[in-house]
Number of protein chains: 2
Amino acid sequence: MSTSDTGYVERRQGGETRAEIQRVARELFTSKGYEATSMREIAEALGIKKASLYYHFAGKEEILRSLVQQRGAEAENLLDWIARQPQQPELLRLAVLRWVESFSKEKLKGIRFISANPLLMDAIEQHPDERIGSTLVAIVDALASLLPERSPVTVLRLRMALLSINSAVEAAHRESFTDDEIVAAARANAAAAIDALLAHA
Amino acid sequence: MSTSDTGYVERRQGGETRAEIQRVARELFTSKGYEATSMREIAEALGIKKASLYYHFAGKEEILRSLVQQRGAEAENLLDWIARQPQQPELLRLAVLRWVESFSKEKLKGIRFISANPLLMDAIEQHPDERIGSTLVAIVDALASLLPERSPVTVLRLRMALLSINSAVEAAHRESFTDDEIVAAARANAAAAIDALLAHA
DNA sequence: GTCTATACGGTGATAGAC
DNA sequence: GTCTATCACCGTATAGAC
């Protein structure tokens, strides 16, 4: 609040304005969808004019890109972690549950945003080194070799287990479930799916 | 091809044009999203001009409504079927699998359309007697009373089991899985989820 | 950093000829 | 039933004053 001679506060506010835009945009993109949300609506929710947004972001799509780029690092982390573990079938369960459990309250907002705009991810053409869906594919590949019986159906079931947290968010949509309940349900169903996959016929 | 004096062929073509519009619109709404699809694009895909669409449908939203109304009857059927069965825990498994299995090749297109446009369903405000999501809620309510242990988490897990077919479609997105594989994976994971719910602690 | 004003294209939709 | 022509509107984005 003080230190008006350093300019520090002003610069910090600028950074926070950017973050505020991202927060409001993510909320609107989640509730109304990316295409149905206009720059004017974002600006109004912030109490500014829409032209002011273009000082902080080059355009609507750049706001979107900044949101998706915030994610992706944790998928890389899981991939690295998997490579360092003993490669046995039990790793399937450990990796899937580690992934599901990693979604705390704050990260669920990212899941909701993605769930509300499923087509954006493959339409956005990220830079080759910043892909997010492809590392999830790599995780599935790494884990699929541990399956007792590897077939298209079992690989798809493994994918479903990894995406349990997304399924839980979507199943809870428009109903009154807490974030803790959503994570608990995702964990339980993911565990059940992995159990069935490991108990091979 | 003949019978040019009855007018029957012409009338039948008219009906087929309406169905063609619905087919093309559903494809575009599925691949690009409803908001991102313009009336001009739908018309071009059909080889006609945009204004001609308004002869068959009052507007873009009416095309959408006609698509969602095509579904919903089968949910009602399941609800009726459930009411006529002996009310025991095993009915959980039978009902969920019956629901998942009911999605043949053709009906999966409807799931893909819904999965690609998740926000449309609660934005469309259907007539009170034509709701689709609410009957699914009624199904969950009817089945939840059969749960060995009823809690928010188990109810949510039951919801997830019912929506396994949706999860399978989304998990298969952008990957090369056949429709049969998708249904098989959905059935397997739904069964695993129900098994875990019935094996109460 | 935010504002007003504006350019420009695409959108859903309608009117009326054929 | 399909067309051409046209409408009003809203979208993103930019220019330039303050």
Side-chain angles (χ1 to χ4, degrees), chain A residues 1 3-26 28-29 31-67 117 119-120 123-125, chain B residues 1 4-26 28-29 31-68 117 119-120 123-125:
Chain A
M1 290 87 166
T3 71
S4 57
D5 52 342
T6 68
Y8 173 72
V9 170
E10 285 71 17
R11 263 187 272 114
R12 215 179 61 119
Q13 282 177 339
E16 284 176 2
T17 296
R18 222 185 118 93
E20 277 280 286
I21 293 173
Q22 289 174 318
R23 204 200 82 240
V24 168
R26 189 188 55 196
L28 287 170
F29 291 167
S31 61
K32 303 191 40 170
Y34 172 76
E35 312 275 3
T37 301
S38 68
M39 294 291 270
R40 184 186 53 76
E41 285 174 297
I42 298 173
E44 273 181 5
L46 287 161
I48 61 178
K49 295 301 175 184
K50 87 179 150 164
S52 306
L53 293 175
Y54 290 86
Y55 174 83
H56 301 279
F57 290 92
K60 187 182 176 185
E61 186 175 318
E62 218 218 71
I63 299 180
L64 172 65
R65 297 186 106 89
S66 79
L67 289 178
N117 300 279
L119 295 171
L120 287 186
I124 210 169
E125 301 270 328
Chain B
M1 314 326 212
S4 56
D5 53 340
T6 67
Y8 173 72
V9 170
E10 285 70 19
R11 264 187 270 114
R12 213 177 62 116
Q13 282 177 341
E16 283 176 4
T17 295
R18 219 184 121 94
E20 276 281 286
I21 292 173
Q22 289 174 319
R23 205 200 82 240
V24 167
R26 190 188 54 197
L28 286 170
F29 291 168
S31 60
K32 303 191 42 170
Y34 172 76
E35 312 274 1
T37 301
S38 67
M39 294 292 270
R40 185 185 54 76
E41 286 174 296
I42 299 173
E44 274 181 4
L46 287 161
I48 61 177
K49 294 300 175 185
K50 153 178 86 151
S52 304
L53 293 174
Y54 289 88
Y55 174 82
H56 301 278
F57 290 93
K60 186 182 176 185
E61 186 175 320
E62 218 218 70
I63 299 179
L64 173 65
R65 296 186 107 91
S66 79
L67 288 179
V68 311
N117 300 279
L119 296 171
L120 287 186
I124 210 167
E125 301 269 331

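Proteins get letters first, then strands, A, B, ... in listed order; numbering begins at 1 in each.
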Rounded to whole angstrom units, what separation is found between the [atom1] atom of [X] and the [atom2] atom of [N]?
| X | N | atom1 | atom2 | value |
| --- | --- | --- | --- | --- |
| A/E35 | C/dG12 | CD | P | 12 Å |
| A/Y55 | D/dA15 | OH | P | 16 Å |
| B/E61 | C/dA13 | CD | P | 8 Å |
| B/R65 | C/dG12 | CZ | P | 17 Å |
| B/E20 | D/dT2 | CD | P | 11 Å |
| A/L46 | C/dC3 | CG | P | 10 Å |
| B/E41 | C/dG10 | CD | P | 12 Å |
| A/I48 | D/dC18 | CD1 | P | 21 Å |

Please confirm whether the shortest side-chain N or O distance from [X] to OP1 or OP2 of [N] is below 4.0 Å.
| X | N | value |
| --- | --- | --- |
| B/K49 | D/dC3 | no |
| A/R40 | D/dC10 | no |
| A/Y54 | D/dT14 | no |

Which heavy atom in B/L119 sits nearest to a heavy atom in A/G33, and how many Å separate them?
CD1-N, 3.3 Å
Between A/Y34 and A/K60, is there a cation-pi geometry (under 6.0 Å to ring centre, at most 45° from the normal)?
yes
Looking only at C/dT2, C/dA5, C/dT11, the nucleotide nearest the B/S38 side chain is C/dT11
Check every atom of C/dG12, C/dA5, C/dT14 against the side chain of B/A51 and return the nucleotide holding the closest atom.
C/dT14
Under 4.0 Å between a Lys/Arg side-chain N and an Asp/Glu carboxylate O for A/R23 and A/E20?
yes
Are the charged groups of A/K50 and A/E44 less than 4.0 angstrom apart, N to O?
no
Across the strands shown, which category fits B/S52 at heavy-atom distances under 4.0 angstrom: base, sugar-phosphate, nothing?
base
Do the non-hydrogen side-chain atoms of A/L53 and A/L46 ever get within less than 4.5 Å of each other?
yes
Can you check whether any acceptor in the base of C/dG12 is under 3.5 Å from a donor in the side chain of B/K50, or vice versa?
yes
